[in-house]
Amino acid sequence: EKLFHNRDHSDVQTLNSHQAEVITDKYKAELFLSRYGFMKPVNWEEIQFEDSHTSFSGDFLNDLQATIQEGASVPHSRDAPQDDYMIPTESEAFASALKEFQKVSGLPVTGVFDEATKVAMNKPRCGVPDTEIDLNTAVAAENSSASDIENSPGDTYETDSNNTSEAVRRR
Amino acid sequence: KRHLAALVSKSRRKRDLGETGYMAFSKKVLKWRLIGEGYSSQLTVEEQRYIFRLAFRMWSEVSPLEFVEDTRSPLEDIDIRLGFGTGRHLGCNQRFDGTGQEFAHAWFLGDIHFDDDEHFTAPNAGSGISLLKVAVHEIGHVLGLPHIYRPGSIMQPSYLPHESVFEMDWMDRKAIQHLYGGCKGRFNTVFDWIRREKTPYGEVVIRFNTYFMRDGWYWLYENRNNRTRYGDPVALQIGWRGVPLDGVDACVHVWSRKRDAVYFFRGTQFWRYDSENDGVFTQDPEGHRYPRLISEGFPGVPSPIDTAFYDRRDSHIYFFKNRLVYAFDVEANSLARGFPKNIRDVFPPVVSGDHPDGNIDAAYFSYTHNAIFLLKGARFWQVVGSRDRWRWLFLPRNGLLPHKEVDQHWFDICNVHPTALKL
């Protein structure tokens, strides 16, 4: 702590109690990979909407109902995994998912949960899975590889060599 | 319960998650709102709304979509709802994880949630996570774009802190246009504005920029970058003081050894523009006050005109009105002999039947392409140049080559919603 602070304590960094769980081991890495669509989670429930009318399987309603109540009161629990299912570690599926993640993230493709991969997994990122998941369907797309666009070097265009246009400054 | 109602009311089907995404909206004007129960605790509400307005504007500048903030309609009528929360939030079934890692997510139905445990900052605010970048990314998802693992793409999943310029590159633009189409529309006029400038070393250099004008707006077009200037369109009065606020019919730059004059035409009147001081002249050297009547300044030329351009090859201004062309000899200050003529006689089609046939929107001599273009609607016809005729002798003088699409030659000239013109 600094000896002297601003009069209004604006320089005091309040320790934010809500810190994201750091991904440090294979289990959490698997959660990350399945959550973002790099590997198929084994036993998430599959909930489908039907085209003509909207019907739900019973579990969905219960889960959602629980969600609504929970949101109101249950404090953020840190230690136990949020839901009571376990994801079995299939080393092959895990390794190939790791390779996929490493490849699209521009990391050395080792298939091993190494330091560089750990750092990449802990970076701030968007919460939308890399293979887009239907709103409440928990099953990632069949093709576990990220179905993102990996751009092959498309056409290039002239880079602007003249002075930066004033719009950039203005924006 | 509101969220469940929204879920139930909309029938859903599993979407084809093609690599390029899907067209999430079929209409072109979309309403958005920062929801009341989802304000961030880190930025003022005004800052949050400003940043979101800018984020939506950035998408509007590169796509045919327009976005308007709506704070009054029922929530069900709002297409895109944004809000901040932490942990379990806003009835969402994907809880946030606290500071670090997941900073936001977006849902099919148009809900965007930001993790308020993250240290979101306003643009140019140094450390922290730029709310603008995250908002642009998540809006991209709501519009139907997936993650794109390409250096420079706005749709990369991981946050990229250090970038000098945060703008959409060519590929991101084509990605959204692949879903929603390109930006098409008529222009009032297109011209290159040439002016003298002094370099820091005192040298006088000639510079030009290309401008597209539509009604009361304009874009500066950066030819070498195949795009408009970041941040355009802008209102006419911002860059062209004294020019009619709601648009012009034509702009002509008479530039020769003896003359250097820029004229704006609107209706029956015209103005001369002072390039040195960047504003219209109040009067001409003889004391006539601007605006002047076209019939006085350009005897024999009818008004209002459709458009006009100056041809340096013969020092004539070519005025267009309906199917007729009026070539005006600047030196003689009168119509050239034999004019007016039918547009097909002056600009014959190279391929019969492929001709604008009058009522053109803009006639544009481009210094970049060293060619004349006639624009009408979403199409343009390039005029055969001397170089073309050396190579293909059969080409008629001033013939019009087969038409092409404007948005395939000058890219991403897009409207924004009028409410988004000024942030």
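Proteins come first, then strands; the chains are lettered A, B, ... in the order of their sequence lines, and each starts at number 1.
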Discussion item. Can you confirm whether the side chains of Gln177(B) and Asp412(B) place a donor and an acceptor under 3.5 Å from each other?
Written reply: yes
Item to complete: Decide side chain to side chain contact (heavy atoms under 4.5 Å, CB included) for Glu100(A) and Met39(A); before the verdict, give the C-alpha distance in whole Å, the side-chain angles of both, and the deciding distance to 0.1 Å.
Response: CA-CA 9 Å; Glu100(A) 185 62 32; Met39(A) 68 189 292; over 6 Å; no
Worksheet item: Can you list the residues that meet the side-chain hydrogen bond (donor to acceptor under 3.5 Å, both in side chains) rule with Thr368(B), with sequence neighbours excluded?
Response: Asn223(B)
Worksheet item: Centroid-to-centroid, Phe96(B) to Phe84(B), below 6.0 Å?
Response: no
Discussion item. Looking only at the aromatic ring of each residue, does the gap between the centers of Trp193(B) and Trp240(B) stay below 6.0 angstrom?
Written reply: yes
Worksheet entry | Partner of His105(B) by ring-ring contact (aromatic ring centres under 6.0 Å, His included), out of His147(B), His141(B), His89(B) | His89(B)
Fill in: Residues of residues 105-114 of chain A within contact distance of chain B, non-hydrogen under 4.5 Å
Ser105(A)
